[in-house]
There are 2 protein chains.
Amino acid sequence: MVDAENAAPASIGARKVPATIYDIARVAGVSPSTVSRALNKPGRINAKTEQRIKEAAASLDYRLNPMARALPTGRTGTLGLLLSDITNPVYFNLVRGAERVTAEEGYTLVLAESQESAEVEIETAERLLPSVDGLVLVSTRLADEDLRELAERKPLVLVNRELDAVPTIVPDVAPGIRDALDHLAELGHRSLAFLAGPPASFMSRLRWETLLDEAPSRGMTIVEIGPGAPTLEGGREGLRRVRASGVTAVIAYNDLMAIGLLRACQDAGIAVPEQLSIIGFDDIFGSDFTTPPISTIRTPLDLAGEAAVHRLIAAVDRSGNGDGRELATEFVLRGSTAAARS
Amino acid sequence: MVDAENAAPASIGARKVPATIYDIARVAGVSPSTVSRALNKPGRINAKTEQRIKEAAASLDYRLNPMARALPTGRTGTLGLLLSDITNPVYFNLVRGAERVTAEEGYTLVLAESQESAEVEIETAERLLPSVDGLVLVSTRLADEDLRELAERKPLVLVNRELDAVPTIVPDVAPGIRDALDHLAELGHRSLAFLAGPPASFMSRLRWETLLDEAPSRGMTIVEIGPGAPTLEGGREGLRRVRASGVTAVIAYNDLMAIGLLRACQDAGIAVPEQLSIIGFDDIFGSDFTTPPISTIRTPLDLAGEAAVHRLIAAVDRSGNGDGRELATEFVLRGSTAAARS
DNA sequence: GGTAGTTTGTCAACCGATTGCCACCGCGGC
DNA sequence: GCCGCGGTGGCAATCGGTTGACAAACTACC
């Protein structure tokens, strides 16, 4: 019993205490401020002293305490990435790209999700804000007003949303859409439908507007069906209206909806692509698992993630590096399109 | 020029400065320490004063600075989640479960990945360690030695890895495996193969060991093929050895490998499930997109993520809540198995 | 040798909270 | 009238770094 009482707190509680610059100063025989400068102002200090301090630091297994540094400098060294739904495969590559650049630049990434709710989103942003140097908001559902308010507290970068005075990363949807439409036109399709996503989605509107611009000039008619949830289920639910519309090809707001629609077709005995051609957006993981594999308009979200973080870091440390590469979408031809049924 | 010099820093730089407890103290006419107590030691202060302080705080739109609090208390209020590959769909639900509980408990989650490399993993863990209260390591590739070292610096919870003296979340693979084997036995399969994952993977070994225990008692032979990368490609590459082995059914280390193998079979003109039955692990997103959809042994990773964070928080704030629910796997029957070819 | 100029390192204040210790207040009891 | 006490609130140290101002030491030049 005595053993247990002693052992437990000792093993659970008494963790190794990290070394501080004061420890290093003592070992190296200098003052703490000298240690601080030796460690992050190379050259400010005599080379020999610097060397001695670095050795002391190494021997003590020193690691800088980010919290302690954040206090006087105001820089936390972490960036926040806020998205609507972490489990949505659309964002996988975006997260990965963002994570890569963040680590590369010596920052730390904090990830959070808003569960498709504007309320949760603003709360989460508030919670994150004090401990990050800046925030990337992906496909935000917030109002312009809220965004502006956030932007005046910490640097902000938006992905898939445009707002003046706030840095923005929006892929150029036109190239992919044009190629997809050309492809459908060649196959003889004359009447299309766009299966729309959530009403608050900037991206859904942008895709629809672009289709609306581009389809007529190719001699095709196009109608909007929806809005619907950007999920498998949302795609399934579109089938009734797709059938009723009499179109020969559907472009869905995203791959998830395209796959949902495809499966609904299969359940209903509609042959894809023979009776209906389907095209998605984003080229998510798994969109080539289906039979037929989904043709899709790929959004380079990995690049978008990278660009967003680059831009954010530029804003955080005032290095003017705008990094204004264009992020062009691209049509990926697979098996879900065929000649229009006559 | 004077204008520009004044304007630029003003608009770019002069963000809203957050209020501190000193501001509140001034407004409420008390000392900062009283403010601190009013805000987080309810009752310690006269009710009227407390009220006044809270109103002042609200009117100033006060938000506590987590960094400043972390310094004296040593508690940062954030937890780290480290996994080998963020884009691996296996972890999606785990991440989501972890994120949910973390937010629920008022903590913040930091996500990082190690890119399947032990070296990157230890570096990343080191980088995260000073700014988190504890760490969850998922499917770690680190040696026991390294893990023990980390564990004595900050609370640690392992998922998919066992190590004495460190809290561990390992799903119980046996139930799912037993059901899968029963199913295959019923279909007349007598010789199986296990398509192994990475050599350093504890989970791969655990699954193999369990198969090794359970198959013979059902009158089936089983061989291990691999190790291989836990990816589509890794699954594809297994086909040659699967064919050579003459087995009638394959259980792959995970769904990704199962899907890779399936696609390789399709390319090679081998009918699945007629000529070869395939079963995966994990029930990842997309494993039901294929034709045939993959039968799989589902691991409740969302629960694992939740349990891991609960456990970690218990360790962090010494609330003894062990939360020792068992996480049983479950066989999900879909279309990739059929009677053994004679 | 004296003076100016340049390194190099130290002092001390500060970032925004937390917390142990103490002082003050009013009150009741003896 | 004095003492003790519980309830409030303030003082000041502290966490671990950063940084402007300055002093000491050294260099160089006349």
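All figures in this text were calculated on a predicted structure; none of them were measured in a lab. Residue numbering restarts at 1 for every chain, and letters A, B, ... go by the order of the sequence lines.
Side chain B:Ser31 to base D:dC11: no donor-acceptor pair is found below 3.5 Å. Remark: the B:Arg44 side chain and the D:dG9 base include a donor-acceptor N/O pair separated by less than 3.5 Å. Put simply, the side chain of B:Thr20 and the base of C:dC15 share no donor and acceptor less than 3.5 Å apart.
Contact check, A:Asn65 against D:dC15: no side-chain N or O comes under 4.0 Å of OP1 or OP2. Within the 4.0 Å cut-off from OP1 or OP2 of D:dT19, not a single side-chain nitrogen or oxygen of A:Ser33 is found. OP1 or OP2 of C:dA17 lies within a sub-4.0 Å distance of a side-chain N or O belonging to B:Tyr62.
Taking atom CZ of B:Arg69 as the reference point, atom P of D:dG16 lies 17 Å away to the nearest angstrom. Taking atom CD1 of residue A:Ile21 and atom P of nucleotide C:dC11, one finds them 13 Å apart after rounding to whole Å. When the C1' atom of D:dT19 is taken as reference, atom CZ of A:Arg75 falls 15 Å away, rounded to whole Å. Whole-Å rounding puts the A:Lys48 NZ to D:dC26 P distance at 12 Å. Following rounding to the nearest Å, B:Arg63 (CZ) and C:dA17 (P) show an atom-to-atom distance of 12 Å. If you measure from atom CE of A:Met67 to atom C1' of D:dC15, you get 12 Å, rounded to the nearest angstrom. Rounded to an integer number of Å, the gap from CG of B:Asp23 to P of C:dC15 is 11 Å. Regarding B:Leu39, its CG atom lies at a distance of 14 Å from the P atom of D:dG9, rounded to whole Å.
Contacts of B:Val30 with the nucleic acid, taken as non-hydrogen atoms under 4.0 Å apart, involve only primed sugar atoms and P, OP1 or OP2. Across all strands shown, B:Ile45 has heavy atoms under 4.0 Å from sugar-phosphate atoms exclusively, and none from any base.
Looking at B:Val309 and B:Tyr107, their side chains never come closer than 4.5 Å, going by heavy atoms from C-beta outward.
Between C:dT19, C:dG16, C:dT18, one nucleotide has an atom nearer to the side chain of B:Lys41 than all others, and that is C:dT19. Closest contact between the side chain of A:Thr73 and the listed nucleotides D:dT19, D:dG10, D:dT8 involves D:dT19. Of the candidate nucleotides D:dG10, C:dT18, D:dT18, D:dG10 has the atom nearest to the side chain of B:Thr34. Distances from the side chain of B:Pro72 to the nucleotides C:dT19, C:dG9, C:dG16 place C:dG16 closest. Among the nucleotides D:dG17, D:dG9, C:dA17, the one closest to the side chain of B:Leu64 is C:dA17. Here D:dG9 is the nucleotide among C:dG16, C:dG9, D:dG9 with the atom lying nearest to any side-chain atom of B:Thr49. Of the listed nucleotides (D:dG17, C:dC15, C:dT10), C:dT10 has the atom at the smallest distance from the side chain of A:Arg37. Checking C:dG16, C:dT18, D:dT19 against the side-chain heavy atoms of B:Leu71 singles out C:dG16 as nearest.
The number of heavy-atom neighbours closer than 6.0 Å to CD of A:Glu104, taken from other residues, nucleotides and ligands shown, is above 12.
Contact record, A:Leu137 with A:Glu121: CG-OE2, 4.0 Å, taken as the closest heavy-atom pair. The heavy-atom pair separating A:Tyr91 from A:Asp85 by the smallest distance is CD1-O, 3.4 Å.
For B:Pro32 and A:Tyr22, each mapped to the nucleotide of DNA chain D holding its nearest heavy atom, the one lying further toward the 5' end belongs to B:Pro32. Looking at which nucleotide of DNA chain D each of B:Asn46 and B:Ala68 is closest to, the 5′-most match is held by B:Asn46.
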**Request:** Mind running salt bridge (charged side-chain N to carboxylate O under 4.0 Å, His left out) on A:Glu123 and A:Arg127 for me, showing each step along the way?
**Result:** CA-CA 6 Å; A:Glu123 257 174 43; A:Arg127 185 165 52 77; over 6 Å; no
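Looking at A:Ser84 and A:Arg141, their side chains never bring a donor and an acceptor atom within 3.5 Å of each other.
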